[in-house]
There are 2 protein chains.
Amino acid sequence: MLNPALPLGFAHHDHTNCVIDTLTAAETYCAEKELRFTPVRRKVLEILSQEHRALGAYAILDRLRESGFGSQPPIAYRALDFLVLNGLAHKIERLNAFIACSHLGYTHTPFFMICHLCNTVAEAQYVPDRGALESAAQTAGFHIEQTVVEAKGVCPSCITKGDI
Amino acid sequence: MLNPALPLGFAHHDHTNCVIDTLTAAETYCAEKELRFTPVRRKVLEILSQEHRALGAYAILDRLRESGFGSQPPIAYRALDFLVLNGLAHKIERLNAFIACSHLGYTHTPFFMICHLCNTVAEAQYVPDRGALESAAQTAGFHIEQTVVEAKGVCPSCITKGDI
DNA sequence: ACTAACTTGTTATAGTATTACGTCTGTATC
DNA sequence: GATACAGACGTAATACTATAACAAGTTAGT
Ligand SMILES: [Zn+2]
Ligand SMILES: [Zn+2]
Ligand SMILES: [Zn+2]
Ligand SMILES: [Zn+2]
């Protein structure tokens, strides 16, 4: 199982297990929820978890084509819609790109750290701040259904390189 | 001066003063910072503050055309780049749309509440959570430069209408 | 006036996403 | 098994969002 404490994108780790773990977890999750984890959907999640960074829909489409799947935009977008809807992946709005969820099964508000030097994205575990955020919404009378937090900055690797 | 405590998008208020105040504040701000608040830039900010909701670049472009300005995409995008860069407007990544800043002059991390029923957007004052957010970044060794928070949900008006 | 830096006008093109329609499954019902 | 239905996929066309590249005009300092 994946360790929810550390953001994967910035850390070295055994990547073979990483992909397998993600797919296994997704299979289990979909079985429980009676969701159809079809070959295309599985392949897209596999593609996403192979790279620990955000991929655009058309980059995913290229890889699908190489693997013999359909290669028109809706193929990728429909699979991505499914994955995002069911929390198996997230969309990084800032980049118009998608990333596999690093914390499947854990309730979490996605918090993405995006390095604008090397474009790496890491998802951190973020326990929603019931203080500032919710109270701001309550003051306005707004009912929050979903929150995303995207931070732009510099990743540890680029800091070390002295690019900052 | 604008009241930073209440999100404008969801509240009734004197809109004539609202636009004038925003433009006046922007003029003052640009004068102080020696920024060139040109006619196009001013017009775009005026357009944005006339509607308290997010507008796409091409919607802005239509209004620019009606007012006799250039009507090619770069005209709008360049003005928007200027406004966003200098904190006079924000981009709502989720909507690929732009909105006038409601809290010019106040240091703030933009926090947007987006109603997915009526598409209204309100910007709330949000004091960054030095706790959860920063500590998550620090654990990863990530250096945050800018953070945006976007919440999807239902606005007070739509809740009242019973659309929830 | 001369120069450099910045802003605008214009054309073309790149990148992202959706609509629409036909077909093919799997599943439930008769 | 035949029928009906819903969900998923294949494909073509199109809509929406954003940028590159270059020319021309403006501003401010020398
Ligand atoms: Zn990995
Ligand atoms: Zn980096
Ligand atoms: Zn107003
Ligand atoms: Zn609403």
Side-chain angles (χ1 to χ4, degrees), chain A residues 26-27 30-31 33-45 47-48 53-86 88-99 114 116 119 121 150, chain B residues 26-27 30-31 33-45 47-48 53-86 88-99 114 116 119 121 150:
Chain A
E27 241 150 41
C30 289
K33 301 262 180 177
E34 293 191 339
L35 301 169
R36 293 170 62 181
F37 196 48
T38 64
V40 202
R41 292 168 177 176
R42 186 193 162 89
K43 187 67 192 176
V44 171
L45 185 59
I47 291 168
L48 286 178
R53 60 195 187 88
L55 285 179
Y58 283 76
I60 291 167
L61 213 46
D62 289 340
R63 287 166 174 74
L64 282 179
R65 183 182 299 114
E66 291 164 10
S67 305
F69 289 89
S71 59
Q72 298 304 312
I75 301 290
Y77 280 104
R78 285 194 284 233
L80 288 166
D81 282 349
F82 170 86
L83 295 175
V84 169
L85 183 66
N86 295 291
L88 300 167
H90 300 289
K91 179 171 185 187
I92 316 283
E93 300 287 349
R94 243 191 130 94
L95 302 175
N96 295 317
F98 303 83
I99 195 167
I114 306 163
H116 63 88
N119 263 317
V121 177
E150 297 182 4
Chain B
E27 241 151 41
C30 289
K33 301 262 181 177
E34 295 191 339
L35 301 169
R36 293 171 61 181
F37 196 48
T38 64
V40 202
R41 293 168 177 176
R42 186 192 162 90
K43 186 67 192 177
V44 171
L45 185 59
I47 291 167
L48 286 178
R53 61 195 185 87
L55 285 179
Y58 284 76
I60 292 167
L61 212 47
D62 289 340
R63 287 167 175 74
L64 283 179
R65 184 181 298 111
E66 292 165 8
S67 305
F69 289 88
S71 59
Q72 298 306 313
I75 301 289
Y77 279 103
R78 285 196 283 235
L80 288 166
D81 282 349
F82 171 87
L83 295 174
V84 169
L85 182 66
N86 294 291
L88 300 167
H90 301 289
K91 179 171 185 185
I92 316 284
E93 300 287 349
R94 246 192 127 92
L95 303 176
N96 295 316
F98 302 83
I99 193 167
I114 306 164
H116 63 89
N119 263 314
V121 177
E150 297 181 4

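Just so it is clear: chains get the letters A, B, ... in the order the sequence lines come, proteins before strands, and each one is counted from 1. All of these numbers come straight from a predicted model, not from anything done at the bench.
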Is the phosphate of [N] approached by [X] (side-chain N or O, under 4.0 Å from OP1 or OP2)?
X        : N       : value
Lys91(B) : dT17(D) : no
Asn96(B) : dT16(C) : no
Tyr77(A) : dA17(C) : yes
Arg36(A) : dA6(D)  : no

d([atom1], [X]; [atom2], [N]) in whole Å:
X        : N       : atom1 : atom2 : result
Phe37(B) : dT27(D) : CZ    : C1'   : 18 Å
Glu93(B) : dC16(D) : CD    : C1'   : 16 Å
Leu80(A) : dA8(D)  : CG    : P     : 15 Å
Leu64(B) : dG9(C)  : CG    : C1'   : 13 Å
Glu34(B) : dA5(C)  : CD    : P     : 17 Å
Arg94(B) : dC16(D) : CZ    : P     : 20 Å
Arg42(A) : dC9(D)  : CZ    : P     : 14 Å
Asp81(A) : dT16(C) : CG    : P     : 16 Å

Discussion item. Using the rule side chain to side chain contact (heavy atoms under 4.5 Å, CB included), only one of Leu55(B), Val84(B), Val121(B) pairs with Phe98(B); which is it?
Written reply: Val84(B)

Discussion item. Exactly one of Arg94(A), Glu93(A), Lys91(A) should register a side chain to side chain contact (heavy atoms under 4.5 Å, CB included) with Arg94(B). Which one does?
Written reply: Glu93(A)

Worksheet entry | Between CD1 on residue Ile60(A) and OH on residue Tyr77(A), distance to nearest 0.5 Å | 9.0 Å

Worksheet item: Between Arg41(B) and Gln72(B), which has a closest nucleotide on DNA chain C that is more 5'?
Response: Arg41(B)

Worksheet item: On a plain distance test, is the side chain of Tyr58(B) in donor-acceptor contact with the base of dA18(D) below 3.5 Å?
Response: yes

Discussion item. Between the base of dG7(D) and the side chain of Arg78(A), is there a donor and acceptor pair under 3.5 angstrom?
Written reply: no

Worksheet item: Is any NZ, NE, NH1 or NH2 atom of the basic residue among Arg65(A) and Asp62(A) found under 4.0 Å from an Asp or Glu carboxylate oxygen of the other?
Response: yes

Response to the item:
Of Pro73(B) and Phe69(A), the one whose closest nucleotide on DNA chain D sits nearer the 5' end is Phe69(A)

Fill in: Pairwise 5' ranking along DNA chain D for Pro74(B) and Gly56(B), keeping only the more 5' one
Gly56(B)

Item to complete: Report the C-alpha separation of Arg63(A) and Lys43(A) in whole Å, then their side-chain angles, then the decisive distance to 0.1 Å, and conclude whether the side chain to side chain contact (heavy atoms under 4.5 Å, CB included) test is met.
Response: CA-CA 9 Å; Arg63(A) 287 166 174 74; Lys43(A) 187 67 192 176; over 6 Å; no

